Number of protein chains: 2
Amino acid sequence: MKKGRVTITDIARELNIAPSTVSRALNNHPAIKKETKEAVKELAQQLDYQPNFLALSLLRKKSNTIGVVVPEITSHFFSAIITGIQDVIANSEYNIMICLTNESFEEEVVVIKKLLKMQVDGVLVSPASGTKEFDHFRALQKNGIPVVVFDRDCPGLEADKVLVDDYAGAFQAVEYLIKSGCKKIAHLGGPPNLSTTKHRLQGFLDALKSGNMSICEEHIAYVQGFSHEDGLEPAMTLLSSSNPPDAIFAMNDNIAISAMHVARKLGYNIPEDISIVGFDDEPHSSFFRPSLSTVWQPVYSLGMLSARIVLQRLKEDDVQRPFREEVFKPELVIRGSSR
Amino acid sequence: MKKGRVTITDIARELNIAPSTVSRALNNHPAIKKETKEAVKELAQQLDYQPNFLALSLLRKKSNTIGVVVPEITSHFFSAIITGIQDVIANSEYNIMICLTNESFEEEVVVIKKLLKMQVDGVLVSPASGTKEFDHFRALQKNGIPVVVFDRDCPGLEADKVLVDDYAGAFQAVEYLIKSGCKKIAHLGGPPNLSTTKHRLQGFLDALKSGNMSICEEHIAYVQGFSHEDGLEPAMTLLSSSNPPDAIFAMNDNIAISAMHVARKLGYNIPEDISIVGFDDEPHSSFFRPSLSTVWQPVYSLGMLSARIVLQRLKEDDVQRPFREEVFKPELVIRGSSR
DNA sequence: TTGTACGCGTTATCAC
DNA sequence: GTGATAACGCGTACAA
C-alpha cells in the first residue's frame, strides 16, 4: 500500500490467489467460484482498485482515444460542434483529444502525426483553410484509423463525411434577397480554398443567375479570416465604391456584423438602404440592432452525428462498409437586417 | 511487415542484433558503435518506425497527458483560455485532454474520475458553478497529480491558482458609473456559489459604499446561467419595476447584452437613460450599437500561465515548492453603452 | 475452478 | 560495444 496504485497482483497476494484469478473475478469470468469472486470484488472496492488504463491499452493495442482536429475553438461554430461530439463520446468507452491547427496546414500535419504516434483509434477532422492535400489523413487510414471529415470537405479523400449543404443555404439566402427587391447583391466570401467558401459562392452565383441578375465582379470580395477584423476592410472597399451594392451576403455572422458596422459608419440605414445576411446564426446575432438575418446550421447535431459515425466504424472493426456522406440542410433565418 | 506497426524487435531481427541495441542506437546512447547506430537509424527511417507511446507510458507510469476541465467551451471566455493552454502545451512533450462538465458538479466528479483512471500527469480545472466541495480534486492530489485551478477559485483547496481580480474589476466599473453621475446602480449577478460572482458582487457593494451610495436590495438580481437567455427575465424584472435603476453592472457581456435588449424594448435610450457595463470583453461586444462598455480580462495569458505552472510542477517532480497564486488585473473598457 | 507462463513494446541493469 | 533479462500491469491459452 505504498505510493503506487493498487494492482491485481496486490489483491492476489493479499488473498493468496493468483493474479489471473483476480483478473477473471473482476471481469465476471463464468468459470469462477462465487465466493472468490465476491472476496476479490470486495477487496478491490475496499482498496479502491482502478484498472491500469495504460496497461490495457498496450495489451489491446487500442488507446480508447479519438482525436478531434479543428482549426480553432473560439468561434461558437466549432465549439458547439465539439460540444456535440463530446456529449456523444462521453457516453462511450472513449475519450476525446482535441487538437487545434490555427488554420495552418503545417500545424495540421504536425497534429496528425502526433495523433498517429499516440495511436488514437479514430479521428474527426475539419481541415484548416490552407489544406489542399490530404495525404496526412490518408496516412491515418493506412494505419487502420478511421477518419471522419466534418463541415469542411476534403475533395478527393475517401472517408466518412458529415457536411452542410452550403450551396443550398447560400442559394436560399440570395434568392430571398432578390425576392425582397435587392438589385445589386454583393458577396463577402471566405478564404478561397475552403469547400464552404466555394459552395457558398456557387450558391450565390446560381441564385443570381436563376433570378436573371447580372453578376458583377466588383461585388465579390474575399476575407482573409473569419474574425470581425477580417471583414472590415473588404466591407469598406465594397461599400465605399462608386457603385455600391444594396445587399450583402456574407460568409459568416462575424463578417456580416463587420459589414453592418462599416455600413452604418458610412451613413447607410439598415435594412432600408442595404440588406445584410450572414451565415452560422451565432447566439448573439439575434441581439444586434437590427438583429442579423442569417443562415442557421445544425452545429450540435453535426457534431453528434460525426461522433456516432466514428463510434460505429470502431465497432464494425474489420467490416468494410462503404463510406457515408451525410449532408445537413441549413435554414434561412430572416430577421431585421434585411428587407 | 504485416498490419502491425514496426517495432524495435523488427529492426533488431532485420539487422541481426538485439532489441536493446536498437533502443540504445535510437536514443543516442554514448556507448554504441557509430556504424550500428547509423544502420539502425537508417532502417528505422526507411521502415517509418514510430516508438510505441503506450508501451512507454506503461513503463514510465506517465501518460504525458494533461487534463483540462472546464464548464463549457461555447463562450469565448473559456475557448480563449483553452487556446492559450493549448499553445503552451503544444510546444511541450505533453498532450491535453479537454473535458466538459456542463456546469454540473456530478459530471465534474465523473470527469475527474475518468482522468484519474487515465493516469493523466496533471490537471487544469475551472470548477462548475455548482461545485462546493473539492474532495474530487484532492483525490487527484493524493495520487500525486498536480492540480491548477484557474479563473474560478476553490476556497479552501490547497493548489496552484491562476485567478483574475474580479473584485477590482467590479469596483472599477461601478466606481466609474458613480463618477459618471449614475444614482441608482443595479447588479445582475451570476450563480451565487461561484467565486467570481461573489467577488464581483463584493466589488459592486464596496464601490457603492465608498461612493456613499445606498445599497438597494431590489437592485440586485441573479441569473441562472451565462447565456443571453438567462439574462432576459432578471433584466426585465429590474427594469420594469416601479423604481428602475439608471445603470446596470452585469456579470458578463452576454447578460449585459440581454439587459440592453430588454432596456431598448422598454423604451430606454442607452446610455442617456441607463448605462450598461458588462464583464469579459467578448470580441463582438464592441460591435453592438451602442458598443458595450465592459471589463476586459487577459484570457489568453491566463490560459498560458496556467499551463506553464503545470509544466513546471511536472518538471520539479518531487520538490515541494509552496503553491502559487497568481492574480491577473482586469481592465475597464469604456465604450458607448455608458455615459 | 484455479494456477502458470507468456506477450504487448520499451528501457534499465547487469553481464560479457 | 552489445546481448540477455527483468519489469511496467493486465488478459488469456494452456495446464492442472
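Residue numbers begin at 1 in each chain, while the letters A, B, ... track the order of the sequences. Note that this is a predicted model, so its numbers are computed, not measured.
Scored by the ring pair (Phe, Tyr, Trp, His ring centres under 6.0 Å) test, B/F105 finds B/H136 as partners (sequence neighbours excluded). Residues passing the side chain to side chain contact (heavy atoms under 4.5 Å, CB included) test with B/V123 are B/V69, B/L115, B/V120, B/V125, B/L140, B/I145, sequence neighbours excluded. Every residue meeting the side chain to side chain contact (heavy atoms under 4.5 Å, CB included) condition with A/A18, not counting sequence neighbours, appears here in chain and number order: A/S20, A/T21. Among residues two or more places apart in sequence or in another chain, the salt bridge (Lys or Arg N to Asp or Glu O under 4.0 Å) test is passed with A/R60 by none. Considering only residues two or more places apart in sequence or on other chains, A/E107 meets the salt bridge (Lys or Arg N to Asp or Glu O under 4.0 Å) condition with none of them.
The side-chain hydrogen bond (donor to acceptor under 3.5 Å, both in side chains) pairs that include a residue from residues 72-93 of chain B are B/E72-B/T74, B/E72-B/S75, B/D87-B/Y300, where partners are two or more places apart or lie in different chains. Each side-chain hydrogen bond (donor to acceptor under 3.5 Å, both in side chains) pair with one or both residues in residues 39-56 of chain B, not counting sequence neighbours, appears once here: B/N28-B/K41. Judged as a side-chain hydrogen bond (donor to acceptor under 3.5 Å, both in side chains), the pairs with a partner in residues 139-162 of chain B (not counting sequence neighbours) are, in order, B/E103-B/R152, B/D153-B/K161, B/D160-B/R313.
Taking every nucleotide of DNA chain C with any atom under 4.0 Å from a non-hydrogen atom of chain A, the first and last of them, 5' to 3', are C/dT1 to C/dG9.
Axis deviation across the helix from C/dT1-D/dA16 to C/dC16-D/dG1 amounts to 60°, comparing end segments of five pairs, rounded to 10 degrees.
Within residues 113-123 of chain A, no residue approaches DNA chain C, by heavy-atom distance under 4.0 Å.
A/F53 places a side-chain heavy atom less than 4.5 Å from the side chain of A/N95.
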In B/S/- notation, 5' to 3', how is nucleotides 6-16 of chain D contacted by protein heavy atoms closer than 4.0 Å? -BBBBBBB---

